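Have a look at the structure below before the remarks.
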Amino acid sequence: GTLILAPHVDDEVLGCHTFLASGTTVCYFGIEDRPTVSAKERREELAAVAAHKGFAWRAFDFAVNRYQCADLIGTVEQVVNACQPGRVLVPHPSYNQDHRAVYDAAITALRPHDRNWFVPEVLVYEVKPHKRRPGLFQGQVWIDSGTRQPLMETGKLTKLPSVWVKEITFTREYTQV
């Protein structure tokens, strides 16, 4: 099966949509109240999406925007040992401190050793370029889990071609030929 480690609700949809199906488990490290929606409502929405897509999920109660790598490692190890996945998707260590903490904890917990389940495939999701150069974009890439071919890219250019252009967003869909 597949295990997705999601720092927050929606990270799995934005970064791993094509993997959300039966045989996938998503672990959320925290679900917070927001000004427009409560944590309870977010859990209800999550349950409805999981039922619709067919994936399993569990949520932990780490304080959002305060994750610490050392606090997460044991949790990741426990989940991996319980699920025994063949594939784990981890968030790109982006500008968000929670994404970086989950990434670091996952890489530490998933290292090959004799104590934990060995995961043969570890993938990083979410595209966030480190430099602003022409042609680079900030966004997401969806990959077909069977063929491992790109299905779609969405995002915006990191460097604009003109001072008169304020933003360029795009969606690029791929087809098999």
Side-chain angles (χ1 to χ4, degrees), residues 1-130 138-143 145 152 154-155:
T2 298
L3 174 65
I4 299 172
L5 302 177
H8 315 105
V9 174
D10 294 342
D11 290 336
E12 82 291 358
V13 172
L14 297 172
C16 310
H17 184 265
T18 60
F19 291 93
L20 297 177
S22 178
T24 295
T25 300
V26 181
C27 290
Y28 304 92
F29 287 83
I31 301 175
E32 80 280 20
D33 285 312
R34 291 203 171 171
T36 57
V37 62
S38 71
K40 180 180 181 286
E41 290 171 300
R42 290 171 64 86
R43 285 178 185 270
E44 290 168 357
E45 290 173 354
L46 173 56
V49 170
H52 176 73
K53 297 292 287 180
F55 65 90
W57 66 280
R58 61 186 299 185
F60 303 107
D61 291 320
F62 292 97
V64 172
N65 296 325
R66 291 188 173 86
Y67 299 171
Q68 297 295 316
C69 175
D71 299 336
L72 306 178
I73 295 170
T75 299
V76 174
E77 289 176 339
Q78 289 172 2
V79 168
V80 167
N81 287 331
C83 293
Q84 297 187 343
R87 175 187 306 125
V88 175
L89 285 85
V90 301
H92 182 272
S94 69
Y95 61 90
N96 183 290
Q97 69 272 16
D98 288 347
H99 288 225
R100 183 169 298 283
V102 172
Y103 172 86
D104 289 342
I107 296 303
T108 301
L110 293 168
R111 71 194 182 282
H113 56 81
D114 60 351
R115 211 176 63 196
N116 292 329
W117 175 258
F118 173 72
V119 178
E121 187 175 28
V122 178
L123 304 173
V124 177
Y125 66 88
E126 192 172 274
V127 176
K128 173 78 171 107
H130 295 284
Q138 175 182 343
Q140 292 80 37
V141 177
W142 284 268
I143 306 293
S145 62
M152 182 170 58
T154 63

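Quick caveat: nothing in here was measured; it's all calculated off a predicted structure. Excluded from the calculations below are hydrogen atoms, water molecules and symmetry mates; all remaining heavy atoms, backbone and side chain alike, are included.
Within the model, atoms CG of Asn81 and CG of Asn116 stand 4.0 Å from one another, a figure rounded to the nearest 0.5 Å. With rounding to the nearest 0.5 Å, the separation of CD in Glu45 from NZ in Lys40 is 11.5 Å. From Glu77, atom CD reaches atom OG1 of Thr108 across 8.5 Å, with rounding to the nearest 0.5 Å. Distance check: Leu3 CG to Leu110 CG gives 8.0 Å after rounding to the nearest 0.5 Å. Separation of atoms OH (Tyr125) and CD (Glu12) is listed at 7.5 Å; rounding is to 0.5 Å. Atoms CG and CD, from Leu46 and Glu41 in turn, are 13.5 Å apart once rounded to the nearest 0.5 Å.
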Item to complete: Decide side chain to side chain contact (heavy atoms under 4.5 Å, CB included) for Val80 and Val119; before the verdict, give the C-alpha distance in whole Å, the side-chain angles of both, and the deciding distance to 0.1 Å.
Response: CA-CA 8 Å; Val80 167; Val119 178; 3.8 Å; yes
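By the 4.5 Å heavy-atom criterion applied to side chains, Thr25 and Pro85 are not counted as neighbours.
Applying the side-chain hydrogen bond (donor to acceptor under 3.5 Å, both in side chains) rule to Asp11 yields the partners His8, His99; only residues at least two apart in sequence or on another chain are considered. Residues passing the side-chain hydrogen bond (donor to acceptor under 3.5 Å, both in side chains) test with Glu32, sequence neighbours excluded: Arg34. Partners of Gln97 according to the side-chain hydrogen bond (donor to acceptor under 3.5 Å, both in side chains) rule, which considers only residues two or more places apart in sequence or in another chain, do not exist here. Contacts of Thr2 classified as side-chain hydrogen bond (donor to acceptor under 3.5 Å, both in side chains), with partners at least two apart in sequence or in another chain: Arg87. Annotation: side-chain contact (heavy atoms from CB on, under 4.5 Å) contacts of Ala39 (sequence neighbours excluded): Ile31, Asp33.
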Atom pairs and distances, donor-acceptor, side-chain atoms in residues 55-76, under 3.5 Å, two or more places apart:
residue, atom, partner, partner atom, Å
Asp61, OD1, Arg43, NH2, 3.4
Tyr67, OH, Pro7, O, 2.6
Tyr67, OH, Gly30, N, 3.0

